[in-house]
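What follows is a set of notes on a single structure, which appears directly below.
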Amino acid sequence: MASSEKTYTLLFLFLFWVIYLTVGIFIFRAVEHDGDREPEKTKQELLERIRGNITAKYNMSESEFDSIVQQIEAASSSNTGPEWSYMESLSFVIQLVTTIGYGNITPVTTGGRVLCIIYAFFGIPINILLLQLIGQRMLRGERDLVTKFETRCLKREPGVPKYLNEKCTLLGFLLLMTLLVTSAAVHMDIENWTFFEGFYAYFITFTTVGFGDLIPGAGGTKAAWHAVIRIMFIISGLAAMSNMINALVSCSDAGKLLRRLKSRCGRERSVEIEMDETKGNGSVELNESIKYFQSKLP
């Protein structure tokens, strides 16, 4: 009964998370995309004035001027701000609620920045709670898997296996490494990265450090399925990190073992000290006896 209630809670929270992201996509796109129209209009008016001055002063045709402008725009395209398409808005809200924050997409309008504060205030706790529930659910599945493997395959006695949480931590680590290796291999083709660059980029992403030096999807890939793959890797990696953290927190058997080893080493050292002291006292008594008999001899 309790397990089914937790399942319903997880499903409800996931649905609410999806709806929250969807609403954020449309709101941020509307605020930031519409906010960019006025600067774009001013830019066109300035460009028309420059066109008239340059073509009249240097006897340049309009086609030659347009060609020069296109080359300049192509050379400086990497410095242009985001267009706030639906995909860019989706990338922004995911970076915001997961606290990855690459910094490649940021709001520029006052309204967008105010909205960013409010949206993050509610979105970050929702995302943390969702990832925690997913991590706990994954840990429960790993515990069942380890228990069934040891009882059915290894023919061990039924019950809770020894070092269960430690074994689940190892499984979580293997899952995380599998996701890192897979994402790095996939993005060698998509982003034209080396394997290490992909591994590094997604490790920084999964740990929510988000330096922004290597950003998945920032290499000009506009295909929708590329964005879907990136989002799936990011969400899966964050869930795997949550799973491993939950398993590490639950590791108690290893701590008990270390404490037992420490106490045992302490007892053995105390026994050695006592033996050394006993040996020392015996040698002192023997030396005193020898000196006594030597004094009695003529």
Side-chain angles (χ1 to χ4, degrees), residues 1-32 84-102 105 107 112 114-148 164-165 168-169 171-176 178-179 182-183 202 205-210 216-217 224-251:
M1 189 68 177
S3 178
S4 61
E5 290 180 357
K6 290 182 179 179
T7 302
Y8 288 134
T9 302
L10 178 59
L11 291 175
F12 173 78
L13 188 60
F14 177 74
L15 180 62
F16 183 76
W17 181 80
V18 172
I19 294 174
Y20 193 80
L21 291 186
T22 304
V23 171
I25 291 170
F26 285 97
I27 291 178
F28 278 106
R29 186 180 187 278
V31 172
E32 292 297 322
W84 287 97
S85 62
Y86 288 110
M87 281 300 172
E88 288 180 333
S89 301
L90 174 61
S91 177
F92 172 75
V93 295
I94 289 179
Q95 291 182 38
L96 183 60
V97 299
T98 59
T99 68
I100 294 174
Y102 293 124
I105 304 176
V114 172
L115 178 63
C116 179
I117 296 172
I118 300 173
Y119 191 84
F121 184 81
F122 295 100
I124 292 175
I126 293 172
N127 185 75
I128 292 174
L129 182 59
L130 175 64
L131 290 176
Q132 182 181 7
L133 291 177
I134 293 175
Q136 292 175 352
R137 189 73 178 182
M138 293 172 66
L139 179 59
R140 192 179 303 118
E142 289 169 350
R143 286 171 176 168
D144 293 338
L145 179 63
V146 171
T147 303
K148 290 179 181 179
L164 177 60
N165 291 319
C168 293
T169 302
L171 284 178
F173 176 75
L174 293 176
L175 174 61
L176 180 63
T178 301
L179 285 171
T182 305
S183 59
Y202 272 95
T205 298
F206 293 166
T207 54
T208 68
V209 175
W225 68 275
H226 289 173
V228 173
I229 290 176
R230 289 195 302 271
I231 293 171
M232 289 178 61
F233 276 131
I234 290 173
I235 301 302
S236 301
L238 293 175
M241 284 294 298
S242 175
N243 169 44
M244 196 172 70
I245 291 173
N246 277 282
L248 281 171
V249 171
S250 303
C251 288

Checking the side chain of [X] only, and the main-chain atoms of [Y] only, is there a donor and an acceptor separated by less than 3.5 Å?
X	Y	answer
Ser242	Leu238	no
Tyr20	Tyr119	yes
Thr22	Val18	yes

(message) Ignoring hydrogens, what is the shortest heavy-atom contact between Cys168 and Ala247? Give both atom names and the distance.
(response)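 Closest heavy-atom pair between Cys168 and Ala247: C-CB, 4.2 Å.
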
(request) Determine the minimum heavy-atom distance between Ile94 and Ile234, stating which atoms define it. (result)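 Looking at all heavy atoms of both residues, the closest pair is CG2-CG2, 4.5 Å.
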
(request) Could you pull out all residues at least two apart from Val23 that satisfy side-chain contact (heavy atoms from CB on, under 4.5 Å)? (result)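 Val23: side-chain contact (heavy atoms from CB on, under 4.5 Å) contacts with Ile19, Ile27.
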
Using residues 133-142 as the side-chain source, report each donor-acceptor pair under 3.5 Å to any protein atom, sequence neighbours left out, with the distance given to one decimal.
from	atom 1	to	atom 2	distance (Å)
Arg137	NH1	Thr7	OG1	3.1
Arg137	NH2	Thr7	OG1	3.2
Glu142	OE2	Asn243	ND2	2.7

(request) Could you tell me whether Phe173 atom CZ has more than 12 heavy atoms of other residues or ligands within 6.0 Å of it? (result)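 Incorrect, the count does not exceed 12.
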
(request) Nearest 0.5 Å please: distance from the CG atom of Leu115 over to the CD atom of Glu32. (result)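 Those atoms lie 8.5 Å apart.
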
(request) Determine the interplanar angle of the Trp84 and Phe28 rings, folded into 0 to 90°, and report it as parallel if under 30°, tilted if 30 to 60°, perpendicular if over 60°. (result)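 Aromatic pair Trp84/Phe28 classed parallel.
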
Can you confirm whether [X] sits close enough to [Y] that some side-chain heavy atom of one is under 4.5 Å from a side-chain heavy atom of the other?
X	Y	value
Thr99	Ile124	yes
Ile100	Val209	no
Thr169	Cys251	yes

